[in-house]
Q: 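One structure coming up, written as C-alpha cells, with questions to follow.
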Amino acid sequence: EDPEVEGFEVSGVCTPALEVGGDFFDYVRIAEAGARLGIVVGDVSGKGTPAAMAAAMSGGMVGALVRRGEALEDVAEQVNAALRAKIGRRMFAAVCLATLDPARRELTFVNAGLCEPLFRSGDTATYLASDGASFPLGACGRGSYRSRTVPLSPGDVVVLYTDGVPEAEARAGAPWGYDAFAGFLRGLPSGALSARELRDAIVREVARVTGRARPADDVAVVVVRAL
C-alpha cells in the first residue's frame, strides 16, 4: 500500500515480465528517526525464480539495515559485501536507496548501479547523478558509495525506476529512451496529478510505446511528490 508521509505522496508499482521477476521496491519505516521513510528500488540481473530469490535476499538485507537507521552509504557497502559472498558471480543487484525526511523536506539517496532518479521541478525534468561508486551491489568486492540530498518544494516530483521503463523496446525495435522518458514526465501536469496518477501514467506510456500489455522486461516505479 502507498505509505503515508506528512507533506508528501508516495506510490509504487512493480510488474514482472514473467510470473516472478528480479525488480522490486519496498518501503521501510526508520527506527528512532521521527517520520522518515526509507525507499528501496532494485533490479537483480536475470529474470524468473533465481532473480526473484536474489531480489528477496538483497531487499531483505537493505530493509533491515535501513530500518535500524544506518547511513545509506554504510548500508550499500555492507549489502555489497554480503551479496558478493552469497550470490553467483554473474548475479548482482542494481539498487537505489533513499530516505524521505518530511521535517527537512529532503530526499537523500545512494545509487548503486540503478538508473539515475528523474527529478521534475517546475517545467524541467533532469536526471540526478550521484558521486562515488556506482557499481551494482554484489558486482565487485569493494565500493565506496556516497549519498546525495535533494531539497523538495511543493509540486516537485522524484521518480525512482528500473531500466524496464526507459529501455522499453518500442514497436520499431529501438528503446523508448531516457530523453523521451524525461520529456514525457515534463509534459505531464504534475501539479494536477497525484503520485499514484503519475505512476500509472508512466506505466501506461510504457505499454503504449511497446504495444504490449505485459512488459518484455521487469518494471518497477516509485513516484515521490511533494505537496
Side-chain angles (χ1 to χ4, degrees), residues 1-5 8-29 37-67 75-76 79 83 87 91-100 107 109-118 136-138 157-169 175-176 178 181 184-185 188 193-225:
E1 296 182 358
D2 296 341
E4 294 185 2
V5 185
F8 292 90
E9 294 176 336
V10 182
S11 188
V13 66
C14 185
T15 305
L18 305 176
E19 291 302 318
V20 293
D23 285 17
F24 63 94
F25 74 94
D26 198 7
Y27 307 123
V28 184
R29 292 291 178 182
L37 178 74
I39 303 171
V40 185
V41 179
D43 179 0
V44 174
S45 58
K47 296 183 180 67
T49 301
M53 292 175 65
M57 182 189 304
S58 56
M61 290 179 187
V62 168
L65 292 171
V66 171
R67 190 173 291 109
V75 172
V79 176
L83 286 181
I87 64 178
M91 294 194 73
F92 51 84
V95 177
C96 187
L97 321 175
T99 55
L100 183 60
L107 181 85
F109 71 94
V110 165
N111 194 353
L114 201 68
C115 306
E116 293 180 346
L118 183 53
L137 303 182
V157 172
V158 178
V159 184
L160 310 177
Y161 58 96
T162 57
D163 62 5
V165 176
E167 297 179 13
E169 188 173 294
W176 185 29
Y178 289 84
F181 179 32
F184 174 75
L185 183 65
L188 291 175
L193 299 178
S194 67
R196 178 177 283 261
E197 290 170 329
L198 291 168
R199 179 204 77 182
D200 291 345
I202 293 169
V203 173
R204 284 196 302 269
E205 184 65 8
V206 170
R208 186 195 69 79
V209 167
T210 61
R212 300 168 60 105
R214 194 178 189 92
D217 191 11
D218 302 336
V219 168
V221 179
V222 174
V223 175
V224 176
R225 179 175 177 267

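Note that the coordinates shown come from a computational prediction; the quantities given were computed from them, not determined experimentally.
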Q: Which atoms form the tightest heavy-atom contact between Tyr161 and Leu118, and what is the distance?
A: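 Of all heavy-atom pairs spanning Tyr161 and Leu118, the closest is CE2-N, 3.9 Å.
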Q: Would you say Glu167 and Tyr178 are linked by a side-chain donor-acceptor pair, where the criterion is simply a distance under 3.5 Å?
A: yes
Q: Of all the heavy-atom pairs spanning Trp176 and Val165, show the shortest one and how long it is.
A: CE3-O, 3.3 Å
Q: Got a sec, which residues hit side-chain hydrogen bond (donor to acceptor under 3.5 Å, both in side chains) with Asp200, two or more places apart in sequence or on another chain?
A: none
Q: Backbone N or O of Ser194 within a donor-acceptor pair of the Glu9 side chain at under 3.5 Å?
A: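 Flag not set: sc Glu9 to bb Ser194 has no pair under 3.5 Å.
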Q: Looking at every non-hydrogen atom in both residues, tell me the closest pair between Glu1 and Tyr27 and how far apart they are.
A: O-CE1, 3.7 Å
Q: Applying side-chain hydrogen bond (donor to acceptor under 3.5 Å, both in side chains), name anything that partners Glu169, two or more places apart in sequence or on another chain.
A: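 For Glu169, no residue satisfies side-chain hydrogen bond (donor to acceptor under 3.5 Å, both in side chains) once neighbours in sequence are set aside.
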Q: Which residues pass the salt bridge (charged side-chain N to carboxylate O under 4.0 Å, His left out) test with Glu197, not counting sequence neighbours?
A: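 Not a single residue meets the salt bridge (charged side-chain N to carboxylate O under 4.0 Å, His left out) criterion with Glu197.
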Q: Quick one: side chain to side chain contact (heavy atoms under 4.5 Å, CB included) partners of Val157, sequence neighbours excluded?
A: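 Testing Val157 for side chain to side chain contact (heavy atoms under 4.5 Å, CB included), a comparison that skips the adjacent residues, returns Arg120, Val159, Ser190, Leu198, Val223, Arg225.
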Q: Quick one: does Phe24's side chain get under 4.5 Å of Asp218's, heavy atoms only?
A: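 SC-SC contact between Phe24 and Asp218 ruled out.
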Q: Look up atom CG in Asp23 and atom CG in Asp43, then write down how far apart they are to the nearest 0.5 Å.
A: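 It is 4.0 Å, given to the nearest 0.5 Å.
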Q: Does Arg199 have any salt bridge (charged side-chain N to carboxylate O under 4.0 Å, His left out) partners at least two apart in sequence or in another chain, and if so, which?
A: none
Q: Going from CZ on Phe109 to OG1 on Thr99, what distance comes out if it is rounded to the nearest 0.5 angstrom?
A: 11.0 Å
Q: Residues two or more places apart in sequence or in another chain: which of them pass salt bridge (charged side-chain N to carboxylate O under 4.0 Å, His left out) with Glu116?
A: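 Glu116: no salt bridge (charged side-chain N to carboxylate O under 4.0 Å, His left out) contacts found.
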